[in-house]
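As C-alpha cells, the structure follows; a few thoughts come after it.
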Amino acid sequence: MPLTTDHRLSTTRLISRNFYLRDPREVARDLLGKLLVRREGKSLLAGRIVEIEAYLGTDDPAAHSAAGRTARNEVLFGPPGHAYVYFIYGVHYCLNVSCMPEGDAGCVLVRALEPITGTEQMARNRKLKLGAHPTQRELRHLTSGPGRLAQAFAITRPRDNGKDVTARKSDLQILDDGFQAERISTSKRVGITKAAEAPLRFTIAGSTFISR
DNA sequence: GAGGAGATCGTCT
DNA sequence: GACGATCTCCTCT
C-alpha cells in the first residue's frame with residue numbers, strides 16, 4: 001500500500017531538541033512516519049522512517065552504553081538530538097539518535113526507510129542499478145535495513161558521528177511533514193542476544209519497506 | 001524463498 | 001584475541 005504521495009518538503013518542520021528529550025520508547029514511536037533528510041549541495045535525499053528500535057541506556061544490556069561511557073559511545077551521554085554512528089561487522093555503519101537529558105545514554109536506532117526523494121543518488125551510493133521504472137523490490141533494496149540506509153544516505157562515523165540533527169544548518173536532519181502512521185506494530189529487537197525479548201522495535205504496520 | 005558462509009575492523013577483554 | 005544493533009552472495013528447493 002502506498003504510504004506517501006506528497007513529496008514536497010516546503011510544508012515540513014524541523015523536529016526540535018525537546019522532542020528527543022524523552023524516553024527512547026516514546027521517541028521511537030513518534031519518529032515513525034518522520035523524514036530523514038540528507039542535503040548535499042543540490043542533492044536532496046529523503047526517506048520516511050518505517051522501522052526503528054529503542055535502546056534504554058546503561059540499564060539496557062543490549063545497548064552500546066551498557067558498560068558505561070567510552071570514547072566510542074560518548075555521543076550517547078551528551079545532549080539529545082545528536083547522531084551516534086557506529087561501525088559494525090567491519091562493514092556497515094548504523095545511525096542512532098541520542099535521547100534523554102545529557103548524562104543519560106538512551107537512543108533510537110533507525111532501521112528502515114521508505115525512499116521518498118533522491119532514489120537515483122541512493123542507488124549510486126549503494127552501487128546498485130535502478131531500472132527506468134524502479135520496481136518495489138529495487139526500491140526496498142535501497143534502505144530496508146540499518147546498514148543499507150546508512151550507505152544510501154552516505155552516513156559514516158567519521159563524517160556524521162556527533163552531528164546535531166536538530167540544527168538548521170545541519171546536512172542531516174529529521175523533519176515532520178504531518179504524515180501519521182495508521183497503525184504501529186511492536187516486536188522484539190533484531191540481531192541482539194542480550195535482553196532479546198524486550199518489545200522495543202516499532203514498525204509502521206503494513207509497510208513494505210521494513211527490514212527482513 | 002530459505003539457509004549458511006564469509007567479509008572485515010573497531011572496540012573492549 | 002573474540003565478537004558484533006549486518007549484508008551479500010551462493011546453493012538448494
Side-chain angles (χ1 to χ4, degrees), chain A residues 20 23-25 27-29 31-32 36 47 49-78 80 82-100 104-115 119 122-130 135-163 165 172 174 185-204 208-212:
Chain A
Y20 303 97
D23 187 294
R25 287 165 285 214
V27 175
R29 280 182 165 276
L31 278 179
L32 284 176
L36 178 68
I49 298 172
V50 299
E51 175 181 348
I52 192 164
E53 288 176 353
Y55 287 83
L56 306 181
T58 49
D59 292 334
D60 180 356
H64 284 184
S65 52
R69 188 171 191 152
T70 67
R72 178 201 195 194
N73 65 24
E74 63 181 18
V75 171
L76 293 178
F77 292 84
H82 288 255
Y84 167 54
V85 182
Y86 66 85
F87 188 53
I88 191 69
Y89 297 115
V91 184
H92 302 289
Y93 291 102
C94 297
L95 171 68
N96 300 253
V97 182
S98 62
C99 303
M100 302 288 288
D104 192 309
C107 70
V108 295
L109 167 68
V110 182
R111 286 195 52 91
L113 306 171
E114 174 186 355
T119 52
M122 291 183 205
R124 280 193 291 274
N125 291 344
R126 295 267 293 121
K127 299 177 175 59
L128 298 175
K129 296 272 188 199
L130 283 187
T135 63
Q136 190 85 345
R137 183 188 172 87
E138 286 177 315
L139 293 175
R140 222 189 78 83
H141 231 62
L142 295 175
T143 51
S144 59
R148 289 174 175 176
L149 75 88
Q151 187 178 33
F153 278 61
I155 292 168
T156 69
R157 180 171 170 94
R159 179 179 180 184
D160 297 303
N161 190 53
K163 209 166 261 183
V165 302
L172 191 64
I174 301 179
S185 297
T186 305
S187 52
K188 294 188 277 191
R189 293 178 291 188
V190 174
I192 56 171
T193 53
K194 300 168 190 163
E197 298 303 310
L200 295 176
R201 173 175 178 248
F202 305 95
T203 55
I204 293 184
T208 56
F209 295 94
I210 290 164
S211 71
R212 343 158 19 128

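The chains referred to below are lettered A, B, ... by the order of the sequence lines, with proteins before strands, and numbering in each begins at 1. Note that these values count all heavy atoms, side chains included, but never hydrogens, waters or copies made by symmetry.
The distance from atom CD of A/Glu197 to atom C1' of C/dA5 is 16 Å, rounded to the nearest whole Å. Atom CZ in A/Arg189 sits about 15 Å away from atom P in C/dG4, given to the nearest Å. We find that CD of A/Glu51 is positioned 15 Å from P of C/dA5, with the value rounded to whole Å. Remark: C1' of C/dG4 and CD of A/Glu53 are 14 Å apart, rounded to the nearest angstrom. In this entry the distance linking NE2 of A/His92 with P of C/dT8 reads 7 Å, nearest Å. The CG-P distance, from A/Leu95 to C/dC7, rounds to 13 Å in whole Å. One can place CG of A/Leu200 at 12 Å from C1' of C/dA5, the figure rounded to the nearest angstrom. For the pair A/Ile155 CD1 and C/dC7 P, the interatomic distance rounds to 13 Å; values are reported in whole Å.
Each of C/dA5, C/dC7, C/dT6 was ranked by its minimum atom distance to the side chain of A/Tyr89; first place goes to C/dT6. Here the nucleotide nearest the side chain of A/Tyr86, chosen from C/dT6, C/dT8, C/dA5, is C/dA5.
With DNA chain C read from its 5' end, the first of the two nearest nucleotides for A/Val190 and A/Arg148 is the one closest to A/Val190. Annotation: of the two residues near DNA chain B, A/Val91 and A/Arg157, the 5′-most nearest-nucleotide partner is A/Val91.
Using a 4.0 Å heavy-atom criterion, one finds that A/Gly147 contacts the sugar-phosphate atoms exclusively. Heavy atoms of A/Phe87 sit under 4.0 angstrom from primed sugar atoms or phosphate atoms, though from no base atom. Using a 4.0 Å heavy-atom criterion, one finds that A/Arg72 contacts the sugar-phosphate atoms exclusively. Residue contacts for A/Arg126: at a heavy-atom cut-off of 4.0 Å it reaches the sugar-phosphate backbone alone, with no base atom in range. Counting non-hydrogen atoms under 4.0 angstrom, A/Thr193 reaches nothing in the nucleic acid.
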**Message:** Could you go through A/Arg201 and A/Lys188, starting from their C-alpha distance and side-chain angles, then the distance that decides it, and tell me whether this counts as side chain to side chain contact (heavy atoms under 4.5 Å, CB included)?
**Reply:** CA-CA 6 Å; A/Arg201 173 175 178 248; A/Lys188 294 188 277 191; over 6 Å; no

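A/Leu36 and A/Ile174 make their closest contact through CD1-CG1, 4.0 Å (heavy atoms, listed as atom of the first residue, atom of the second, distance). Of all heavy-atom pairs between A/Ala152 and A/Asn125, the closest is O-ND2, 2.7 Å. Of all non-hydrogen atoms in A/Glu138 and A/Lys129, the two that sit nearest each other are OE2-O, 3.6 Å. Closest approach of A/Leu113 to A/Gly47, counting heavy atoms only: CD2-O, 4.0 Å.
The salt bridge (charged side-chain N to carboxylate O under 4.0 Å, His left out) test applied to A/Arg189 returns A/Asp60, not counting sequence neighbours. Partners of A/Arg25 according to the salt bridge (charged side-chain N to carboxylate O under 4.0 Å, His left out) rule, which considers only residues two or more places apart in sequence or in another chain, are A/Asp23.
One N or O on the side chain of A/Arg157 and one on the backbone of A/Arg72 form a donor-acceptor pair closer than 3.5 Å.
Among A/Arg140, A/Arg111, A/Glu51, the single residue meeting the side-chain contact (heavy atoms from CB on, under 4.5 Å) criterion with A/Ile210 is A/Glu51.
You'll find the side chain of A/Val108 stays beyond 4.5 Å of the side chain of A/Phe202, heavy atoms only. With a 4.5 Å cut-off on side-chain heavy atoms, A/Val190 and A/Glu53 count as touching. A/Asp160 is not listed as a side-chain neighbour of A/Phe153, based on a closest heavy-atom distance of 4.5 Å or more.
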Acceptor/donor pairs from residues 84-100 of chain A side chains to any protein atom, 3.5 angstrom cut, sequence neighbours excluded:
from    : atom 1 : to      : atom 2 : distance (Å)
A/Tyr84 : OH     : A/His64 : ND1    : 2.8
A/Asn96 : ND2    : A/Tyr84 : O      : 3.2
A/Ser98 : OG     : A/Pro79 : O      : 3.0
A/Ser98 : OG     : A/Gly81 : N      : 3.3
A/Ser98 : OG     : A/His82 : N      : 3.0
A/Ser98 : OG     : A/His82 : O      : 3.3

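Distances shorter than 4.0 Å separate some side-chain N or O of A/Arg111 from OP1 or OP2 on C/dT6.
Residues from residues 137-146 of chain A lying near DNA chain B, meaning a heavy-atom separation below 4.0 Å, are absent.
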**Fill in**
With both pairing distances under 3.5 angstrom for Watson-Crick or G-U wobble, and | for a partner in another strand, the correct string for DNA chain B is |||||||.||||.

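Once you apply a 4.0 Å limit to the heavy atoms of chain A, the touched nucleotides of DNA chain B run 5' to 3' over B/dA7 to B/dC12.
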